[in-house]
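Just so you know, these numbers use all the heavy atoms, side chains as well, and skip hydrogens, waters and symmetry mates. Along the sequence shown, residues are numbered consecutively beginning with 1. Just so you know, ligand 1 is whichever comes first in the structure, and atom 1 is the first atom listed for that ligand.
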Amino acid sequence: MSNQAARLAIEGGSPVRPSMLPYAMHQITDEDIAAVSAVLRGTWLTTGPNVDAFERAVAAAVGAASVAAVSSGTAALHLAYLAAGIGPGDEIVTTPLTFAATANAALNCGARPVFADIDERTMNLAPAAAEAAITPRTKALVPVHYSGRSCEMDELRRICDRRGLLLIEDACHALGAVFRGRPVGSGPADLAAWSFHPAKHIATGEGGAVSSPGRPELVEAVRRLRNHGINVDARMRAGSKASWFYEIDRLGFNYRLADFNAALGTSQLKRLAANVARRRELAALYARELARFGELVLPAADDADHLSAWHLYMVRLRLERLSAGRAEVFAALRAEGIGVNVHYMPVYFHPLYERLGYRRGLCPVTERAYEGLITLPLFAAMTNADLADVVAALDKVLGRYRR
Ligand SMILES: Cc1ncc(COP(=O)(O)O)c(C=O)c1O
């Protein structure tokens, strides 16, 4: 490497990449565009036959008996909690290492999220910590399959059965993940919440779903709540013999998914297996290429019980081996054209949570992990050459800051 190339871009050297490699990126094919165009040429734009078809396709993909599509993963969590009867005075136990929506949805029900610490190796909610956080007010455990690797669901199920709690999985990272030979979503959780935001495995623009392997009545409740709590579908009021009459018996929302979003989702789902397979390939390549960096802790590898969907690829910096902090390494990698990110700051660090009385120090394993967390780019359309650029940038940056 010439001196110029070796000099960090942030210090005036030339970057590894001239333009930014994003950390996540959706993929749209001509087939996707044709599927959406067909809906746009039709007469029904909002929740209709394409949503029904999408729900059937999601059910088949995740091994669930019933699915209700909604307008986002956040809406999915909110309605899953409401369907589960979570309300003012109740608590859910979840991980602080998640997108804030997991906890915010509880606040939006008037309930209180209680944070339990993670397992340092898998970065997922530690079952023992979750059990220790249960109080008489707890209604549900809400594990999050961080980065796409399933939590220890059998253990969490046993805790829920012993303590009379619902098990609601935030599966927003985990479409296509497998736990003990079964797709995430097929049990043992009572309900699963999914997101189809473009950073995820499939995109509907915005979109989400609640699924269940064995509690159809809860999914039915979601179906009503997504439409203001109205007891009949709009289509049932559209025919020549239909009545204008409907009733609302429970306060709901407009969390409906539109038909053209659903058509995009159904089209994208056809490529889910290939998408996840490519992510697994890239994750294996990262593991091989990054093993030589003593400054990095790599994510837990797949094993017989856990096949991750590899939504994201997070590494942790061993800060004691570096002369710079995470912020400097982050900025230096960005300057090299690598669109690194951080998933996530512990939820209770947000000022909203501080105002609600949550204090730092609550989950020390999560807080320590957060100090060194960096998300490297990972998406199905990423090439091996893109990945080689990430490794080259890490080589430059970690080489410069190595102690
Ligand atoms: C773990 C987790 N939960 C919930 C959500 C919310 O999903 P959405 O962005 O579709 O509302 C996300 C999305 O980023 C997520 O990563």
| Which value, rounded to the nearest 0.5 Å, describes the distance between T46 atom OG1 and L257 atom CG? |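 One gets 8.0 Å once the value is rounded to the nearest 0.5 Å.
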
Checklist entry - For residues 308-319, which residue pairs qualify under side chain to side chain donor-acceptor pair (under 3.5 Å), counting only residues two or more places apart or in two chains? => result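 Found D302-W310.
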
inquiry  = I'd like to know if the side chain of Y81 and the backbone of A140 have a donor-acceptor N/O pair within less than 3.5 Å.
reply    =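 Answer holds: no.
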
Would you mind writing out the side-chain donor-acceptor pairs for residues 281-288 within the sub-3.5 Å range, not counting sequence neighbours?
unit_1: E281; atom_1: OE1; unit_2: R278; atom_2: NH1; d: 2.6
unit_1: Y286; atom_1: OH; unit_2: P377; atom_2: O; d: 2.7

- Query: Which parts of the protein, at residue level, reach under 4.0 Å of ligand 1 through a heavy atom?
  - Reply: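 Residues near ligand 1: S72, G73, T74, L77, T98, F99, A101, T102, V144, D170, C172, H173, S195, K200, G207, Y344.
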
**Message:** Applying ring-ring contact (aromatic ring centres under 6.0 Å, His included), can you list everything that pairs with F54, at least two apart in sequence or on another chain?
**Reply:**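 F54 satisfies ring-ring contact (aromatic ring centres under 6.0 Å, His included) with F196 once adjacent residues are dropped.
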
ask   = With the threshold set at 4.0 Å, does a side-chain nitrogen-carboxylate oxygen contact exist between R271 and E31?
value =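 No.
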
